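In what follows, a structure is listed as structure tokens, so that the remarks can point back to it.
Sequence positions, counted from 1, serve as the residue numbers for this chain. Bear in mind that the values here come from a model prediction, so they are computed numbers and not experimental data. What's counted below: heavy atoms across the whole structure, side chains too, no hydrogens, waters or symmetry copies.
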Amino acid sequence: MSDRAPQWVERRLPTEESSQLIDLVRDIVQREIAPRAAEEEEAGHFPREVFTLLSESGLLGLPYDSEHGGGDQPYEVYLQVLEELSAARLTVGLGVSVHSLACHALAGYGTKDQRTEHLPAMLSGGLLGAYCLSEPASGSDAASLRTKAVRDGDDWVITGTKAWITHGGIADFYTVLARTGAEGARGITAFLVPGDAAGLSAAVPEKKMGMKGSPTAQLHFDGVRVPDARRIGDEGQGFAIALSALDSGRLGIAACAIGVAQAALNEALGYATGREQFGRPIADFQGLRFMLADMATRIEAGRALYLEAARLRDAGRPFSRQAAMAKLFCTDAAMQVTVDAVQVLGGYGYTQDFPAERLMREAKVLQIVEGTNQIQRMVIARHLAGPESR
């Protein structure tokens with residue numbers, strides 16, 4: 001085995017402040033996340049203390065305004081932070097992405113009073129959020145959701161079940177999409193629901209093949225009463241709010257995927273340069289050298305793709321097509337790179353003594369969340385050729 005430490009990714013960052021931010025993230029990764037990642041994932045331990053530290057360090061609200069406790073950072077920087085965190089432990093990187101997604105609706109569509117009241121605690125006050133769109137019978141077809149919110153005086157009463165909720169049962173707040181009107185996209189409204197609301201409960205977390213430290217659970221809303229003051233945006237605007245959040249969320253998943261892929265490449269390089277067969281390092285053999293070259297190329301291409309989409313977003317330009325492309329390419333790349341990393345390690349790659357098999361299991365979910373990669377292809381094709389004929 002090689003005793004050389006993996007090299008940090010060389011990043012071109014827009015400001016000295018953002019360079020210092022990456023240094024801070026790497027320090028936290030080395031001290032608080034990476035040393036315990038494998039053990040805690042195997043035990044199914046959710047590192048709430050790490051998220052508390054990230055909040056105290058100003059890392060849970062990076063892309064939001066400092067007026068309400070955010071970091072005033074462009075998406076170009078925020079996504080590279082996600083990549084660094086995900087390379088150390090996907091439970092943390094994806095968790096930060098989900099939290100940011102949960103804050104999007106209020107930050108972008110809430111009233112001034114709502115933002116003043118809630119955002120500081122959400123962005124830098126130690127709270128952790130979750131995003132509730134999917135349901136047992138509506139995943140890719142999110143506009144068919146059935147969870148209902150019925151007006152009762154100055155309140156709304158929410159009844160139904162949400163599924164596949166990251167941080168389900170442990171979040172301090174949930175951004176919830178519920179039906180307040182007719183069938184279809186125009187009958188959906190967004191709400192900010194406290195995690196301790198009466199009538200809100202979580203099922204036993206799903207038993208997953210990867211990301212065991214990140215709880216994913218169904219949420220049951222049994223007559224959960226929410227004041228109208230916690231309705232986000234106009235009645236019927238919820239689906240549009242959800243779609244705008246998902247464009248940004250897809251970039252988050254793309255960055256997480258490249259982080260996982262980079263970790264797998266680092267592991268494969270360390271092994272290939274240290275493992276000897278036939279009297280020389282296996283990295284000398286052309287078959288493995290070509291695999292490593294392909295792995296690195298996929299990672300660099302994916303990173304360039306998500307950063308270009310982020311720069312479009314930061315410039316206020318349309319980026320939906322590029323976000324779907326980044327999510328599609330980066331997550332497929334992560335799957336291939338992690339499979340190849342297991343192959344480079346041979347039999348050792350199939351054991352839990354090395355992180356390659358965990359990274360491969362974790363990469364798979366990234367092809368599914370925030371819209372499956374089949375959905376991403378549909379989104380891209382619509383941008384290119386227009387809507388499908390009916």
Side-chain angles (χ1 to χ4, degrees), residues 2-13 15-43 45-63 71 73 75-100 124 126 128 166-167 210-214 251-271 299 302-303 306-307 310 330 334 337-338 341 354-356 358-363 366:
S2 171
D3 59 0
R4 73 180 182 90
Q7 298 297 303
W8 294 113
V9 173
E10 184 177 350
R11 301 192 180 278
R12 290 184 297 166
L13 296 158
T15 65
E16 179 60 30
E17 179 189 8
S18 57
S19 296
Q20 293 172 356
L21 181 64
I22 292 294
D23 289 341
L24 170 64
V25 172
R26 289 173 172 174
D27 180 62
I28 291 174
V29 160
Q30 287 183 303
R31 288 188 296 105
E32 305 293 341
I33 301 176
R36 299 190 293 271
E39 178 183 355
E40 291 188 352
E41 280 298 318
E42 180 62 23
H45 172 73
F46 179 73
R48 184 58 193 257
E49 68 284 356
V50 169
F51 285 88
T52 300
L53 174 60
L54 294 177
S55 181
E56 292 171 349
S57 303
L59 298 175
L60 282 192
L62 287 177
Q73 290 298 317
Y75 243 66
E76 174 187 0
V77 173
Y78 160 67
L79 293 180
Q80 293 185 78
V81 169
L82 287 187
E83 184 189 330
E84 295 277 346
L85 294 172
S86 299
R89 187 177 179 186
L90 184 58
T91 285
V92 176
L94 188 137
V96 173
S97 180
V98 167
H99 174 82
S100 182
S124 58
L128 187 65
T166 301
H167 303 156
M211 286 192 69
K212 297 178 181 180
S214 175
L251 291 183
I253 298 303
C256 290
I258 294 303
V260 170
Q262 185 68 56
L265 175 60
N266 288 346
E267 181 67 18
L269 278 170
Y271 183 85
I299 291 169
R303 184 177 292 124
Y306 88 63
L307 284 174
C330 292
V337 168
T338 55
F354 294 79
R358 172 171 62 85
L359 295 170
M360 184 179 74
R361 288 186 286 106
E362 291 177 342
L366 299 174

Separation between [atom1] of [X] and [atom2] of [Y], rounded to the nearest 0.5 Å:
X: Glu41; Y: Arg36; atom1: CD; atom2: CZ; answer: 12.5 Å
X: Leu359; Y: Leu90; atom1: CG; atom2: CG; answer: 9.0 Å
X: Ile258; Y: Leu82; atom1: CD1; atom2: CG; answer: 12.5 Å
X: Ile28; Y: Glu56; atom1: CD1; atom2: CD; answer: 9.5 Å
X: His45; Y: Thr91; atom1: NE2; atom2: OG1; answer: 10.5 Å
X: Asp27; Y: Ile22; atom1: CG; atom2: CD1; answer: 12.5 Å

Side chains of [X] and [Y] in contact at under 4.5 Å (non-hydrogen atoms):
X: Ser86; Y: Leu94; value: no
X: Arg303; Y: Gln262; value: yes
X: Cys256; Y: Tyr306; value: no
X: Thr338; Y: Glu362; value: no
X: Val92; Y: Leu54; value: yes
X: Ile33; Y: Val50; value: yes

Exercise: identify the closest heavy-atom pair between [X] and [Y]:
X: Gly126; Y: Ser55; value: N-OG, 2.9 Å
X: Pro47; Y: Glu40; value: CB-OE1, 3.9 Å
X: Val337; Y: Ala264; value: CG1-CB, 4.1 Å
X: Tyr78; Y: Pro63; value: CD1-CD, 3.8 Å
X: Ala37; Y: Ala88; value: CB-O, 3.6 Å
X: Cys330; Y: Ala254; value: CB-O, 3.6 Å

* Asked: Stepwise, does the side-chain hydrogen bond (donor to acceptor under 3.5 Å, both in side chains) test hold for Gln73 with Ser18?
  -> CA-CA 8 Å; Gln73 290 298 317; Ser18 57; 5.2 Å; no

* Asked: Just wondering, more than 12 heavy atoms not from Arg31 lying within 6.0 Å of its CZ?
  -> yes

* May I ask you to check whether over 12 heavy atoms, not counting those of Glu39, lie within 6.0 Å of atom CD? =>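 Incorrect, the count does not exceed 12.
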
* Could you check whether the rings of Phe46 and Phe51 sit parallel, tilted or perpendicular, using 30° and 60° as the cut-offs? => parallel

* **Check ion pair Arg11-Glu83 (N to O, under 4.0 angstrom)** => yes

* To do: Tell me, with the steps shown, if Leu59 and Leu21 meet side-chain contact (heavy atoms from CB on, under 4.5 Å).
  => CA-CA 9 Å; Leu59 298 175; Leu21 181 64; 3.4 Å; yes

* Is Ser97 reaching over with its side chain to a backbone N or O of Gly93, donor-acceptor style, under 3.5 angstrom? -> no

* Using the side-chain contact (heavy atoms from CB on, under 4.5 Å) rule, take Lys212 and Arg358 through it: C-alpha gap first, then chi angles, then the decisive distance, then the call. => CA-CA 10 Å; Lys212 297 178 181 180; Arg358 172 171 62 85; over 6 Å; no

